[in-house]
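Read the structure below first, then the notes.
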Amino acid sequence: MIDLEVGKKYPGSAQKPADFDDFWERALAEMQALPLDHTTTPVAIPSRVAQAYDLYFSGVQGARIHCQLILPKNYDARQAHKGMVMFHGYHCDSGDYQDKFGWAAEGYVVLAMDARGQGGTSEMAAVPQGDAMKGLIIRGMEAGPEALYYRSVFLDTAQAARILMNYPGVDRERVYAMGASQGGGLAIACASLVPEIYRVQVSYPFLSDYRKAYQLGAQTSAFEEIPYWFQFRDPLHQREAEIFHTLEYIDIQNLASRIRGEVYWSMGLQDTTVPPITQFATYNKITAKKHLLVLPEYGHEYLPKVSDQIRGFFIDADD
């Protein structure tokens, strides 16, 4: 188990590229040039508190991206509603629609995005060069930063937030981002690329500190595709410097300082899937108001009592 004080002082292993900020400003300009157009289709799930829809929009590279849209029952767009954009774990999808009905009952408009090419119906738009059979961090990596899979997905999160902020009846100044594991990493990326995000709640975020994860022996963690790539594509590590330099562009620790919204972060110190030290690399770089909940006996799993503890983070006294 990691020493908590060591973790809180860990600076991360990032070697942020000199053109990192320009890279993401160019990427955002590409995304912002896309229209906010989207389609919605009702989903017939009985509820007294919510109405579910399928929402599709066109992301970068022309990919068709699917989201679940959940509105409070008898939604009145003349009123100001909080918004919540939600992201799911690695290789999965947004789950059951009814899981979000409780948030609709609290007055939220929820947009839960399916990451392209994973378990939901969001499309992959481009076929990258190189090995892609073990995981998604390495997808597009051999072709350089512009081709990285997560460049596109990070932009999808920003576009989803942009659509939600412009949805009739949503208070664009009270939009939250939420996720766990990969979903937590995507929520951090979203709040970094859209600093207007009001608050962010994440559990054990993935996609941070690839160099450190590799050094720890990533074969048994969520980062296993990195040593797998070296094993079968570059066993002599002749491209190691180039590869880790490329991954810096999608390392959320390099984006974290852009966040302006308040952050609630929870982690289990026994986590071997997303090692806590890799999480601290990003958490420590967040300069906005932040809170850390630590569960010493838990790992990459359901973290009990956290939701009750932070309920006030979502339901303000003046609501």
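These numbers were taken from a predicted model, which means no experiment stands behind them.
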Whether [X] side chain and [Y] backbone form a donor-acceptor pair below 3.5 Å:
X      : Y      : value
Asn284 : Pro11  : no
Gln118 : His91  : yes
Gln61  : Ser152 : no
Lys290 : Ile286 : yes
Tyr149 : Arg116 : yes
Asp251 : Asp209 : yes
Arg162 : Gln32  : yes
Trp24  : Tyr249 : yes
Ser208 : Gln279 : no
Glu123 : Arg64  : yes

message: Go through it in stages, so that I can follow the logic: the residues are Met178 and Val200, the test is side chain to side chain contact (heavy atoms under 4.5 Å, CB included), and I'd like the CA-CA distance, side-chain angles, deciding distance and then a yes or no.
response: CA-CA 6 Å; Met178 173 191 282; Val200 190; over 6 Å; no
query: Can Tyr56 be reached from Ile65 by stepping across I, L, V, M, F, W or Y side chains whose heavy atoms are under 4.5 Å apart?
result: no
- prompt: Any chain of hydrophobic side-chain contacts (each under 4.5 Å) joining Leu295 to Val6?
  reply: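 They do not share one cluster, since no chain of ILVMFWY contacts under 4.5 Å joins Leu295 to Val6.
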Indicate the ring-plane relationship of [X] and [Y], choosing parallel, tilted or perpendicular according to the 30° and 60° boundaries.
X      : Y      : result
Tyr283 : Trp265 : perpendicular
Phe154 : Tyr150 : tilted
Tyr176 : Tyr108 : perpendicular

Quick check: closest heavy atoms across [X] and [Y], and the distance to 0.1 Å?
X      : Y      : value
Pro276 : Leu269 : CG-O, 3.8 Å
Leu111 : Ala160 : CD2-O, 3.4 Å
Ala50  : Ile70  : CB-CG2, 3.9 Å
Gln159 : Ser58  : NE2-O, 3.0 Å
Val153 : Ala115 : CG1-CB, 4.3 Å
His66  : Ser122 : N-OG, 2.8 Å

query: Would Phe314 and Lys82 satisfy side chain to side chain contact (heavy atoms under 4.5 Å, CB included), going step by step from the backbone distance to the final call?
result: CA-CA 9 Å; Phe314 300 99; Lys82 290 181 178 180; 5.6 Å; no
Between atom [atom1] of [X] and atom [atom2] of [Y], what is the distance when rounded to the nearest 0.5 Å?
X      : Y      : atom1 : atom2 : answer
Asp234 : Trp229 : CG    : CH2   : 4.5 Å
Ile259 : Thr287 : CD1   : OG1   : 8.5 Å
Leu136 : Leu207 : CG    : CG    : 9.5 Å
Ile197 : Ser192 : CD1   : OG    : 10.0 Å
His291 : Gln309 : NE2   : CD    : 11.0 Å
Asp21  : Ser257 : CG    : OG    : 7.5 Å

Sub-4.5 Å side-chain heavy-atom contact between [X] and [Y]:
X      : Y      : answer
Ser47  : Gln98  : no
Arg311 : Glu106 : yes
Leu34  : Phe57  : no
Met84  : Val109 : no
Arg26  : Glu146 : yes
Phe87  : Thr157 : yes
Ile226 : Leu247 : yes
Leu55  : Thr39  : no

message: Exactly one of Tyr214, Phe230, Phe206, Tyr228 should register a ring pair (Phe, Tyr, Trp, His ring centres under 6.0 Å) with Phe223. Which one does?
response: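 Going through the options one by one, the only one that passes is Phe206.
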- prompt: Is there a donor-acceptor contact under 3.5 Å linking the side chains of His300 and Ser181?
  reply: yes
- request: Please say which of Gln253, Arg211, Lys16 ends up in a side chain to side chain donor-acceptor pair (under 3.5 Å) with Glu248.
  value: Arg211
message: A quick test of your reading: do over 12 heavy atoms of other residues, nucleotides or ligands sit less than 6.0 Å from NZ of Lys73?
response: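 Yes - once you tally the heavy atoms of other residues, nucleotides and ligands closer than 6.0 Å, there are more than 12.
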- request: Give the C-alpha distance, both sets of side-chain angles, the deciding distance and a yes or no for side chain to side chain contact (heavy atoms under 4.5 Å, CB included) between Asp114 and His88.
  value: CA-CA 7 Å; Asp114 286 339; His88 61 76; 4.0 Å; yes
message: Whether Glu240 and Arg233 form a salt bridge (side-chain N of Lys/Arg under 4.0 Å from carboxylate O of Asp/Glu) is what I want to check.
response: no
- prompt: Mind checking whether Tyr75 and His81 have ring centres under 6.0 Å apart?
  reply: yes
field: Charged tip of Arg199 within 45° of Phe313 ring normal and under 6.0 Å
entry: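 Pair Arg199/Phe313 counts as cation-pi.
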query: Do Glu30 and Arg151 pass the salt bridge (Lys or Arg N to Asp or Glu O under 4.0 Å) test, and can you show the C-alpha distance, the side-chain angles, and the key distance before you say yes or no?
result: CA-CA 11 Å; Glu30 178 185 346; Arg151 175 190 183 272; 2.7 Å; yes
field: Audit row: Leu71, Val110, side chain to side chain contact (heavy atoms under 4.5 Å, CB included) steps and yes/no
entry: CA-CA 7 Å; Leu71 299 180; Val110 179; over 6 Å; no
task: Take Arg239 and Glu142 through the test salt bridge (Lys or Arg N to Asp or Glu O under 4.0 Å) and record every step on the way to the result.
output: CA-CA 10 Å; Arg239 297 181 64 185; Glu142 294 181 45; 3.8 Å; yes
field: CA sep, side-chain torsions, deciding dist, call: Glu173, Arg260, salt bridge (Lys or Arg N to Asp or Glu O under 4.0 Å)
entry: CA-CA 12 Å; Glu173 296 182 357; Arg260 295 292 174 263; over 6 Å; no
